[in-house]
There are 2 protein chains.
Amino acid sequence: MARRVSIKDVAQRAGVSWKTVSNVVNERPVVRADTREKVLAAIDELGYVPNHIGRDLRGGPTRSIALVVPELQNPYFARLAERMQAAARERGYTVSVEVSLHSAEVERAHVRGRTARPVDAVVISPSALEPSDLLDRRSGPPVVLLGESLTAAPNVVHVAIDNVSSAADVVRHLVGTGHRRLLFLGAEGAVRSTGTDRLAGFTAASRFAELPLEDALIRATGAWDRESGREEVLRALEEGIAFDAVVAGNDLLAIGALAALRERGLRVPDDVAVVGWDDMVEAAWTVPTLTSVAPDLDALVAAALAAAISGAERGTEQDAERDAGQAAAGADDSGKRGASRTGGAETVIAHRLIVRESTRA
Amino acid sequence: MARRVSIKDVAQRAGVSWKTVSNVVNERPVVRADTREKVLAAIDELGYVPNHIGRDLRGGPTRSIALVVPELQNPYFARLAERMQAAARERGYTVSVEVSLHSAEVERAHVRGRTARPVDAVVISPSALEPSDLLDRRSGPPVVLLGESLTAAPNVVHVAIDNVSSAADVVRHLVGTGHRRLLFLGAEGAVRSTGTDRLAGFTAASRFAELPLEDALIRATGAWDRESGREEVLRALEEGIAFDAVVAGNDLLAIGALAALRERGLRVPDDVAVVGWDDMVEAAWTVPTLTSVAPDLDALVAAALAAAISGAERGTEQDAERDAGQAAAGADDSGKRGASRTGGAETVIAHRLIVRESTRA
DNA sequence: CTGAAAGCGCTTACAG
DNA sequence: CTGAAAGCGCTTACAG
């Protein structure tokens, strides 16, 4: 349909130069009140919205952040995305939700800034990313990792609950309600991840409580979804492994466990207790309802956003410094930059165990 | 961190003019093979990704589509978004997922193209949008409405399952399994919507089957989520309304109904059968599992995307035509434009009723 | 307080 | 086949 209305249309309508319109839009205090009114009126009549593309191209901050999640099928990520977008909107930022579908390539591209549209920062819940992807990068936007510290790398910070202690909390709760043979669902490979940290906490606490820790009680799953959880619990049952509780790496796996136990006629929590992580909304609606480790989601979103924005603003400053430096004399400012980029900051988010029917004594 | 690598860096590295790089990137067949190789090598070494912002600003297609959904908390929308983004990626388009949180203002802004970054088309699952929002607009991107035809408007098409007949299918299934007092959950207001169409089909089929249709059996809910479904069923029960089946406007409401019935000691499906719409993944995991109307999601995504892309391409052509016309003589090309913009196209997506435990005889 | 200039990265005609 | 020019919408110095 008709052409988009540009700053020049507004200028013409208001009878001023189009640079003046820019001054009004950007709330620069140099415009006389009546000129300002005229311009505002014209903006309103024409329904003008500044085209951010012009600004973006101009350089400087785009005020946009990419949120990269492995999938949106997992309601935890869906909720996270929804909250992050709403919270960012309030702060004048735009969040573009990118679904990686567990593709290392997609994750890498974002982390390295190899995307068609530049952003000021990327918040990523990594799934296939490897430490080297973060260490190798010679450039790229500030990165906020949701979850474990894959590795310490410059310009990368982490926001996560304390997965090791939350796992210990889970074990304590289970031991306190009389369970001893705990099956861990969702063991993962070598790269440090949410799963490896939860397992580490599980193992440490189990050892401390002198619980059995046979290999057969530590189970990997194909994926972290309902069906994988169900299949792995069925498999354990078929193998004749005895256990009186399932500690699942997330709620989806736990829901699958619930289904497997029901299929085999085992009662939850009487025969087997079940716990998960994430406190998805669904956890309050399963039969029986599901005990789960709940991250303080508001805090998580706020911290991730704050880190992204501060990274974005720092990034912009640095660019300014660097440009200034280059313009001045091509000076080597590596010292200065190194200082402001010390990475490895980790924000720990509070969590609590929401006890529901799947683990009552 | 370091400046983004631009087309000029590549040109310098390859020892050609930067316009030649553009020719290579855009696969224009005017570049000699060895020049081309050199450029490709430089692109690879530098990790150059064309900055789409430059293209966007240049005008013409951005190859990006906005998908506006009311919420991501509803797993149906989350899955839709995930699929749409993946499908679009395959076709060289970008999908930006925008959560409106049921805000009429946000929905309106997108439909009118009053957004900070222009897109080629918008696919929207409207929640608060009114017919006038579509009729009034004098400009804006091609719109694909997911769901009912709010109204016939130029440059707006619809993609949806046949909600009226799917509701009739639900009633037929219920009558066939011996149910007569059906409670409808999720009645909505005056504006035509998914809910009103499902209710219309429900009402028509009920009348045809000579089922009771008292006002008390048609229930509105606060929202279309689990808790609203639960509350409304509890309310109906408290009012002493007798019913032997619940027809819920979506699966979330149905899951709430399941919980309410369980709380009151009613057995599903023996005492009360329950059906929903959407066939969310969760429907296969509830207790009992939930009978649901499943849209052919692949077809829905494909149709919505095809409609958006064809709208986008048509839009671009028109712009070209218009510009040409203006350049030539400021000719009035309204006739031409009117013809290519005839709106009101509706694509009907196949659906089927997935029968699960919540309605077995 | 307002106006004219330069430039962000790219593409689209056009000239050589 | 390759190069130089203009312009998309905007902001950021700078001049009047």
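Heavy-atom basis, side chains included; hydrogens, waters and symmetry copies ignored.
A donor-acceptor pair under 3.5 Å is absent between the side-chain atoms of A/Glu98 and the main chain of A/Val69, judged by distance alone. Between the side chain of A/Arg137 and the backbone N or O of A/Val111, at least one donor-acceptor pair lies under 3.5 Å. No side-chain donor-acceptor contact under 3.5 Å links B/Asp136 to the backbone of B/Asp133. Under the 3.5 Å distance criterion, the side-chain polar atoms of A/Glu82 are matched with a main-chain donor or acceptor of B/Leu72. When atom types are taken as modelled, the side chain of A/Arg63 and the backbone of A/Gly92 share a donor-acceptor pair closer than 3.5 angstrom. Listed for the A/Gln85 side chain is a donor-acceptor partner under 3.5 Å among the backbone atoms of A/Val95. When atom types are taken as modelled, the side chain of A/Ser103 and the backbone of A/Val106 share a donor-acceptor pair closer than 3.5 angstrom. Side chain of A/Asp120 to main chain of A/Ile65: no donor-acceptor pair is present (N/O by atom type, distance under 3.5 Å, no hydrogens or angles). In this structure, B/Asn26 contributes its side chain and B/Ser22 its backbone to a donor-acceptor pair below 3.5 Å.
Between A/Ile53 atom CD1 and D/dG9 atom P there is a gap of 10 Å when expressed in whole angstrom units. Counting to the nearest Å, the C1' atom of C/dC8 and the CZ atom of A/Arg117 are 16 Å from each other. Atoms CG (B/Asp56) and C1' (C/dC8) sit 13 Å apart, rounded to a whole Å. Across the protein-nucleic acid pair, A/Arg63 atom CZ and D/dC10 atom C1' stand 16 Å apart, rounded to whole Å.
In this structure, A/Gln12 places its CD atom where only 12 or fewer heavy-atom neighbours from other residues, nucleotides or ligands lie under 6.0 Å away.
Between A/Val16 and B/His52, the residue anchored closer to the 5' end of DNA chain C is A/Val16, taking for each the nucleotide with the nearest heavy atom. Closest-nucleotide positions on DNA chain D for B/Leu57 and B/Gly15 were compared, and the one nearer the 5' end corresponds to B/Gly15. Comparing B/Ser6 and A/Ala33, the nucleotide of DNA chain C nearest to each residue sits closer to the 5' end for A/Ala33.
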For nucleotides 11-16 of chain D, read 5' to 3', which letter fits each nucleotide if B means a protein heavy atom sits under 4.0 Å from the base, S means only the sugar-phosphate is that close, and - means neither? BB----
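Near DNA chain C, meaning a heavy atom under 4.0 Å from it, residues 34-48 of chain B has B/Tyr48 in order of number.
Ion pairing of B/Arg117 with A/Asp56 is present here, as a side-chain N (NZ or NE/NH1/NH2) and a carboxylate O approach within less than 4.0 Å.
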Could you spell out the base pairing of DNA chain C as a dot-bracket line? Use Watson-Crick and G-U wobble contacts where both distances are under 3.5 Å, [ ] for crossing pairs, | for partners on a different strand. |||.||||||||.|||
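Which of D/dG9, C/dC1, D/dT2 sits closest to the side chain of B/Thr20 comes down to D/dT2.
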